[in-house]
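All of these numbers come straight from a predicted model, not from anything done at the bench. All chains are named by letter (A, B, ...) in the order of the sequence lines, taking the proteins before the strands, and each is independently numbered beginning at 1.
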Protein chains: 2
Amino acid sequence: MKQVAKKATGGSTTLWDRTRQLASQEILETALRLFTEQGYDETTIAQIAQEAGVSQRTLFRYFGTKEDLLGGDQGRFGQVLTDTISEQPPEADVWETLRAGIAAVLALHDSREQALERFRLLHNTASLRAGWLEKRLRFQEDLLPFIEARMGTGSGSTDPRARAVIATAFACLDAASMTWVGNGGKGNIMDLYDECLAEVRS
Amino acid sequence: MKQVAKKATGGSTTLWDRTRQLASQEILETALRLFTEQGYDETTIAQIAQEAGVSQRTLFRYFGTKEDLLGGDQGRFGQVLTDTISEQPPEADVWETLRAGIAAVLALHDSREQALERFRLLHNTASLRAGWLEKRLRFQEDLLPFIEARMGTGSGSTDPRARAVIATAFACLDAASMTWVGNGGKGNIMDLYDECLAEVRS
DNA sequence: TCACACTTGGCAGTCGCTGCCAAACCATCG
DNA sequence: CGATGGTTTGGCAGCGACTGCCAAGTGTGA
């Protein structure tokens, strides 16, 4: 176990932790740079490891997967999503609730430029897209109980409606972000999202 | 080129073609059997090839990818989809058009049992799910021009609405099929689909 | 300072997948 | 029937992502 005796921590971070932090950051930056320079599929783990100054084995210990090198904290997204949604007032509309969650996740990006870069890579690389969609689907499943509770429907095993609502929200996010990338990052994703939802819901 | 001199064919199929057909079928059946018996990830290409009586190299010549061993004719889906949709009367509602396309694709399955088996594998295996979602996204992109034409909107690079409508239709299909599998294949997927769309479109 | 916990790197191996080359194969023509 | 030529096949080596294992290095706490 790594966190055997790690209190919440103030400045009490050990040298190890700081080193880990540094290495992790170095790897992440190297990866993102190489990805944008030569493409995701054309960049090998060996290359990233070498340029970041660590062994492949160590790289895989920091990030279990090549995809993880792009997502930063992928787990973070899901956390913020469910947190935000469960914090919405119970009487709020389901669509409003989902909108709030999505907005919260989008707000997580460091900068517009970084977001654009990531989205561009995501939308232009088949393997990345696949992984992302899969992860997103898992988020949707995590959201199911919350949305069902708000809709007062039965469990998802027999009633498809909650799933449909969630999936539709993300479908609109998809359409919005693809259009946003196609536009070179002009405008606001949430505006596009609203436009999409308005069209869908007549 | 393989089809240098192949007319539509009656009994005029050469021995080669028949052998290919047989081998292909054998491989496909072996793969599906092993997948359902021991799971997709737990089944190796080497095993399938051996039990089907061909070399790995040949197997990969028939089906370029492990995923292809499940989908049968994956390309077929997209074809039927776009064909059906482009055949719809121009004055038909967009939602009706998409519904027709989806229904046509669903009708492609040999039997309810086979469909259930495939869907079950798909929904229970992360790697398969990812691949499927990716392929589906490509279908959606193929549909874009058709739907845009019917909606009279601008190109997808600037107007997200057509994409949103398409993505929503597939989102509902997702919710419907997941629920269908969860129910053990009871009922009709299209009924669930209609239920989903009704909920989404208020 | 010493012993312990943790981290690191290297190596071999698995699995999906591809390129290459020689052998087996079928069809067709003479 | 036999020779010719295009096609299919299988084996082999190799790549890239990823994992388990083990030995060596390094900070930590007593």
Going by modelled atom types, is there a donor-acceptor pair between the base of C/dG19 and the side chain of B/Arg57 at under 3.5 Å? yes
Between atom CG in B/Leu34 and atom P in C/dC15, what is the gap in whole Å? 14 Å
Distance in angstrom units between B/Asp17 CG and D/dT9 C1', rounded: 16 Å
In whole angstrom, give the distance that lies between atom CG of B/Leu69 and atom P of C/dC17. 9 Å
Toward the 5' end of DNA chain C, which comes first, B/Thr44 or A/Gln56, by nearest nucleotide? A/Gln56
If you assign B/Lys66 and B/Trp16 each to the DNA chain C nucleotide with the nearest heavy atom, which residue ends up on the more 5' nucleotide? B/Lys66
Per atom distances to the A/Thr58 side chain, the nearest of C/dT7, C/dC17, C/dT8 is C/dT8
Within 45° of the six-membered ring axis of B/Tyr40 and under 6.0 Å from that ring's centre, is NZ or CZ of B/Lys66 located there? yes
Determine: side-chain N/O of A/Ser55 to OP1/OP2 of C/dT8, distance under 4.0 Å, yes or no. no
For the pair made of CZ in B/Phe63 and C1' in C/dT18, what is the distance, rounded to whole Å? 18 Å
Can you see whether B/Ser127 engages B/Asp41 through a side-chain donor-acceptor pair at a distance of less than 3.5 angstrom? yes
Sugar-phosphate only, base, or nothing, as touched by A/Thr43 at under 4.0 Å among non-hydrogen atoms: sugar-phosphate
Using the rule given for side chain to side chain contact (heavy atoms under 4.5 Å, CB included), can you reason through A/His109 versus A/Phe119, listing the C-alpha separation, both sets of side-chain angles and the distance that settles it, and then say yes or no? CA-CA 11 Å; A/His109 287 282; A/Phe119 275 61; 3.5 Å; yes
Nearest nucleotide by nearest heavy atom, which residue falls closer to the 5' end of DNA chain D, B/Thr19 or A/Asp41? B/Thr19
Using modelled atom types and a 3.5 Å cut-off, is there a donor and acceptor pairing between side-chain atoms of A/Thr65 and backbone atoms of A/Asp68? no
Compute both the distance and the angle, then confirm whether B/Arg20 meets the cation-pi test with B/Tyr62: under 6.0 Å from the six-membered ring centre, within 45 degrees of the axis. yes
Side-chain contact check for B/Arg61: nearest option of D/dT9, D/dC18, C/dT8 is D/dT9
Just how far, in rounded Å, is P of D/dA17 from CD of A/Glu42? 11 Å
Using the side-chain heavy atoms of B/Thr14, tell me which of these nucleotides is nearest: D/dG27, C/dA27, C/dT8. C/dA27
Whole-Å gap separating P (C/dT7) and CG (A/Leu59): 16 Å
Whole angstroms only, please: what is the CD-P distance between B/Gln50 and D/dG11? 11 Å
Which part of the nucleic acid does A/Thr65 contact within heavy-atom distance under 4.0 Å: base, sugar-phosphate only, or nothing? sugar-phosphate
Atom-to-atom span, CZ of B/Phe60 to P of D/dG11 - whole angstrom: 15 Å
Can you see if the side chain of A/Tyr62 gets near the phosphate of C/dT7 - specifically, an N or O under 4.0 Å from OP1 or OP2? no
